[in-house]
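Encoded as structure tokens, the structure appears first; notes follow it.
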Protein chains: 2
Amino acid sequence: MSLSTDVRLLALAQSFRTTLRHAVYLSRSMDSDGELTTMQMSTLSMAAEEPLRVSRVAANLGIRVPSATEQIIKLEQAGLVLRQPDPTDSRAVLVQLTDKGRAAWEAASRRRNERVAALLHQLGEDDRATLAAALPIIEKLNHTA
Amino acid sequence: MSLSTDVRLLALAQSFRTTLRHAVYLSRSMDSDGELTTMQMSTLSMAAEEPLRVSRVAANLGIRVPSATEQIIKLEQAGLVLRQPDPTDSRAVLVQLTDKGRAAWEAASRRRNERVAALLHQLGEDDRATLAAALPIIEKLNHTA
DNA sequence: GCTCATAGTTAGGTAGCCTAACATTTTCGA
DNA sequence: TCGAAAATGTTAGGCTACCTAACTATGAGC
């Protein structure tokens, strides 16, 4: 990596980190009204796709398995998920959405999407196109990490 | 807002929220090695620009004033910031960086920038340009919220 | 079959956040 | 100008989410 490239990459990295931080504050302000926390939303999002193990929930949330167990038990007590033994491996536990959980997730997700959409509405069409193009690139970053 | 526009905006909003969530996990994995937490980094970043009040730290971090006081006192005990009365308003307290605090912030910031830069290095030039163009747009979102 | 690795839970402790109550200073209207 | 209300922080007490360590139970391999 040449020196001039390095400087440009570092500058972009810094901007990226700063913007990400600001976006997190924005995101947090949208979460702060509701019943479901960001972590709960994430957990339900994963389970909405397909039942998954406790260890995968922990890995995806970036927390340890005991912490994930704790949170999942709370979701279970709230009637939003079920914990059932994995038929293919009796050690494992599969977390899956209940109907109530799916409804709660969809409602919460819709509310948040509507708020973000209201912000996006204030952008120009060009800006939205640029933003849309950037999202898969950010996902790529995540994937190569 | 027309219905078709609404659907497109909602779809973009959902992608945006998902990508943001993933980016947060990425960011968190980079923070998890060091001595300074994300919140501490943010606080030092603000104070690095200019001394600021406890209430502004709280507002920028999205936490309450007592919580900010708590964190700032810890930073003070670590010798990274000073708390001094605002000369223009005796109720207020100005948080400012010590030399040690500035050095710690710069070092931590550099480490994180280098890691992100290494990821950016793996992107193509076009992707980097798109990403760079999107950052100010995301900031705009934040500003209009 | 014995050993070791894997999946989760339980137990106990820490840190960060909250609200409520308080002290101090500033602002502003009667 | 003086007293009430607002603004700025701090203190006190409690809650929640996270952690590590220790444990149970199941699967995998020599």
Side-chain angles (χ1 to χ4, degrees), chain A residues 21 24-25 27-47 50-78 80-96, chain B residues 21 24-25 27-47 50-78 80-96:
Chain A
R21 179 159 56 84
V24 167
Y25 296 155
S27 169
R28 190 173 304 170
S29 73
M30 307 212 149
D31 286 354
S32 66
D33 71 321
E35 323 74 15
L36 293 174
T37 67
T38 305
M39 290 304 218
Q40 289 175 330
M41 281 294 293
S42 299
T43 303
L44 296 183
S45 295
M46 294 180 240
E50 60 174 353
L52 76 172
R53 296 183 171 189
V54 172
S55 51
R56 284 209 52 202
V57 172
N60 289 348
L61 291 181
I63 62 179
R64 303 292 173 179
V65 171
S67 307
T69 294
E70 196 171 276
Q71 297 307 315
I72 290 167
I73 286 176
K74 289 194 178 177
L75 288 174
E76 187 180 37
Q77 288 170 347
L80 302 182
V81 304
L82 286 178
R83 286 193 303 160
Q84 294 192 323
D86 186 336
T88 73
D89 184 340
S90 303
R91 294 171 302 178
V93 169
L94 290 180
V95 180
Q96 59 183 332
Chain B
R21 178 159 57 83
V24 167
Y25 296 156
S27 169
R28 187 174 303 169
S29 74
M30 306 212 151
D31 286 353
S32 67
D33 72 322
E35 322 74 17
L36 294 174
T37 66
T38 305
M39 290 304 219
Q40 288 174 331
M41 281 295 293
S42 298
T43 304
L44 297 182
S45 295
M46 294 180 240
E50 60 174 354
L52 76 171
R53 295 182 172 189
V54 172
S55 51
R56 286 212 51 202
V57 172
N60 289 347
L61 291 181
I63 62 179
R64 304 291 174 180
V65 170
S67 307
T69 296
E70 195 171 279
Q71 297 307 315
I72 290 167
I73 286 176
K74 288 194 179 176
L75 288 173
E76 187 181 38
Q77 288 170 345
L80 301 181
V81 303
L82 286 178
R83 285 193 303 160
Q84 293 192 324
D86 185 337
T88 73
D89 186 339
S90 304
R91 293 171 302 179
V93 169
L94 290 180
V95 180
Q96 59 183 330

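All chains are named by letter (A, B, ...) in the order of the sequence lines, taking the proteins before the strands, and each is independently numbered beginning at 1. Fair warning: this is a prediction, and the values are worked out from it, not measured in the lab.
- At a cut-off of 3.5 angstrom, the base of D:dA7 holds at least one donor-acceptor pair with the side chain of B:Arg91.
- Taking the side chain of B:Pro66 as heavy atoms from C-beta on, and the options C:dT9, C:dC17, D:dT11, the nearest nucleotide is D:dT11.
- Remark: P of C:dG16 and CE of B:Met41 are 16 Å apart, rounded to the nearest angstrom.
- Contacts of B:Val54 with the nucleic acid, taken as non-hydrogen atoms under 4.0 Å apart, involve only primed sugar atoms and P, OP1 or OP2.
- If you take CG on B:Leu61 and OG1 on B:Thr38, they are separated by 10.5 Å, rounding to the nearest 0.5 Å.
- The shortest heavy-atom contact between A:Val65 and A:Ser55 is CG2-CA, 4.2 Å.
- Atom CZ of A:Arg83 has more than 12 heavy atoms from other residues, nucleotides or ligands within 6.0 Å.
- Here A:Ser90 does not reach the OP1 or OP2 of C:dA7: none of its side-chain N or O atoms lies under 4.0 Å away.
- In this model, the phosphate group of D:dG9 is approached by a side-chain N or O of B:Ser55 to a distance below 4.0 Å at OP1 or OP2.
- One can place CG of A:Leu61 at 8 Å from P of D:dC18, the figure rounded to the nearest angstrom.
- Taking 4.5 Å as the limit, every side-chain heavy atom of A:Gln40 sits out of range of all side-chain heavy atoms of A:Leu80.
- Among D:dT10, C:dT19, D:dT8, the nucleotide with an atom closest to any side-chain atom of B:Arg64 is C:dT19.
- We find that CG of B:Leu94 is positioned 16 Å from P of C:dT25, with the value rounded to whole Å.
- Residues A:Gln40 and A:Asp89 both approach DNA chain D. Their nearest nucleotides, taken by heavy-atom distance, put A:Gln40 toward the 5′ side.
- The stretch residues 67-77 of chain A touches DNA chain C through A:Thr69, each having a heavy atom under 4.0 angstrom from the strand.
- Remark: C1' of C:dG16 and CG of B:Leu36 are 16 Å apart, rounded to the nearest angstrom.
- With contacts defined as side-chain heavy-atom distances shorter than 4.5 Å, the pair B:Ser42/B:Asn60 does not qualify.
- Inter-residue side-chain proximity for A:Asp89 and A:Arg53 is flagged as met; some heavy-atom pair is nearer than 4.5 Å.
- Residue B:Val93 is classed as a sugar-phosphate contact, given heavy-atom separations below 4.0 Å to backbone atoms only.
- Across the protein-nucleic acid pair, A:Ile63 atom CD1 and D:dT20 atom C1' stand 14 Å apart, rounded to whole Å.
- Rounded to whole Å, the distance from CZ on B:Arg83 to C1' on D:dT8 is 13 Å.
- Just one of A:Ile73, A:Leu44, A:Thr43 meets the side chain to side chain contact (heavy atoms under 4.5 Å, CB included) condition when paired with A:Val81; it is A:Leu44.
- A:Arg56 places its CZ atom 12 Å from the P atom of C:dA7, with the value rounded to the nearest Å.
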